2 protein chains.
Amino acid sequence: MLKEIPLIDHGLEKSFEKYEKKFKALADKKRLQIMNILTKQGSTCVCDLIPIVGMPQSKLSYHLKILLDANIIIKETKGTWSYYEINMEEVNHILSEELCCILKPGNSK
Amino acid sequence: MLKEIPLIDHGLEKSFEKYEKKFKALADKKRLQIMNILTKQGSTCVCDLIPIVGMPQSKLSYHLKILLDANIIIKETKGTWSYYEINMEEVNHILSEELCCILKPGNSK
DNA sequence: CTCTTAAATCAATTATAATTGATGAACTAA
DNA sequence: TTAGTTCATCAATTATAATTGATTTAAGAG
């Protein structure tokens with residue numbers, strides 16, 4: 001039985017849109033820095049991130065939201081505090097072992 | 001001997017800038033489509049790509065340049081023709097095995 | 001040389017993303 | 001209640017990226 005090769009593969013198109021969003025989230029050095037800090041620090045609240053990353057709160061919130069919406073980080077709210085951490089499962093699914101290393105502790109030696 | 005932990009790690013900063021560029025190149029579904037076609041087709045010239053990807057020549061050239069500058073694809077010129085192909089080594093260094101699969105033949109079944 | 005084709009580049013427009021300071025919502029403590 | 005804190009969101013601006021059609025460069029063919 002012959003398999004039809006469609007001109008436009010809608011499954012792939014969906015995939016490309018999904019990965020476009022994730023790569024967009026990764027395509028910013030400030031967000032890569034945030035990810036690097038989260039991998040070093042583990043779960044961290046926004047108020048502690050502010051002095052480390054050195055950016056105003058609204059800006060940090062903006063970038064955290066982009067990473068969150070792409071499922072690259074996870075948020076957990078405890079009372080007034082919001083704790084963010086890397087979604088390691090997701091990151092490992094996207095990035096190479098080599099690249100994942102800059103997002104894992106013990107690399108910045 | 002104690003190791004100093006710098007507030008700003010310039011080595012990491014350079015890395016982040018490098019990866020920012022690569023992720024930016026990947027962060028577009030049209031470019032992911034181009035990459036997918038190049039993995040299926042192998043080395044392909046621009047004039048053959050135009051009808052496959054269905055975009056005007058100047059637009060295609062623009063997107064190919066972004067992928068080329070990020071070292072994600074390789075260009076080889078033969079006379080009037082320019083042939084492009086995936087830089088597999090680079091792609092494998094960045095992306096997970098799982099994700100590399102959408103950029104390898106035999107996946108679109 | 002001229003004519004054609006291939007592909008890159010340009011300039012102008014349009015679209016998308018990032019930054020900023022201010023405001024608002026939700027929780028805690030007094 | 002009131003005041004203080006954490007964080008998200010808003011609106012306005014600025015910056016960056018994508019799209020378009022036209023032009024340009026370069027390589028063959030005749």
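Throughout, a chain's letter reflects where its sequence line sits, starting with A, and its residues are numbered from 1. Computed from a predicted model, the values in this text were never measured in an experiment.
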Requested in this report: Please state whether the phosphate of C:dA8, meaning OP1 or OP2, lies under 4.0 angstrom from any side-chain nitrogen or oxygen of B:Lys75.
Outcome: yes
Report task. Check whether the side chain of B:Gln57 and the base of C:dA6 form a donor-acceptor pair under 3.5 Å. Result -> no
Report task. Counting heavy atoms from C-beta on, name the nucleotide in D:dA8, D:dA26, C:dA18 closest to the side chain of B:Thr80. Result -> D:dA26
Requested in this report: Check whether any side-chain nitrogen or oxygen of A:Tyr84 sits under 4.0 Å from OP1 or OP2 of D:dA8, and answer yes or no.
Outcome: yes
Report task. Looking only at side-chain atoms of A:Cys47, point me to the closest of D:dT6, C:dA8, D:dG28. Result -> D:dT6
Requested in this report: Counting heavy atoms from C-beta on, name the nucleotide in C:dA8, D:dC7, D:dA18 closest to the side chain of B:Lys30.
Outcome: D:dA18
Query - Any donor-acceptor pair under 3.5 Å from A:Arg31 side chain to A:Ala25 backbone - result: yes
Query raised in the report: Nearest to the side chain of B:Ser58 - C:dA17, D:dT20, D:dT6?
Result: D:dT20
Query raised in the report: Of the nucleotides D:dC7, C:dT9, C:dA17, which has the atom closest to the B:Lys65 side chain?
Result: C:dT9
Query raised in the report: Just checking, A:Lys29 and B:Tyr19: is the charged tip under 6.0 Å from the six-membered ring centre and within 45° of the axis?
Result: no
**Report entry** Closest listed nucleotide, where the reference is the side chain of B:Tyr62 and the choices are D:dA18, C:dA8, C:dT19
**Finding:** D:dA18
Requested in this report: Look at B:His63 and D:dA17 and indicate whether a side-chain polar atom (N or O) is within less than 4.0 Å of OP1 or OP2.
Outcome: no
Query raised in the report: Distance check: side-chain N/O of B:Lys59 vs OP1/OP2 of D:dA18, anything under 4.0 Å?
Result: no
Enumerate donor-acceptor pairs with a distance under 3.5 Å from any side-chain N or O in residues 65-73 of chain B to protein atoms, sequence neighbours excluded.
from, atom 1, to, atom 2, distance (Å)
B:Lys65, NZ, B:Asp69, OD2, 3.0
B:Asn71, OD1, B:Asn87, ND2, 3.4
B:Asn71, ND2, B:Glu90, OE1, 3.3

Query - Shortest side-chain distance from A:Trp81, nucleotide among D:dC7, C:dA8, C:dT5 - result: D:dC7
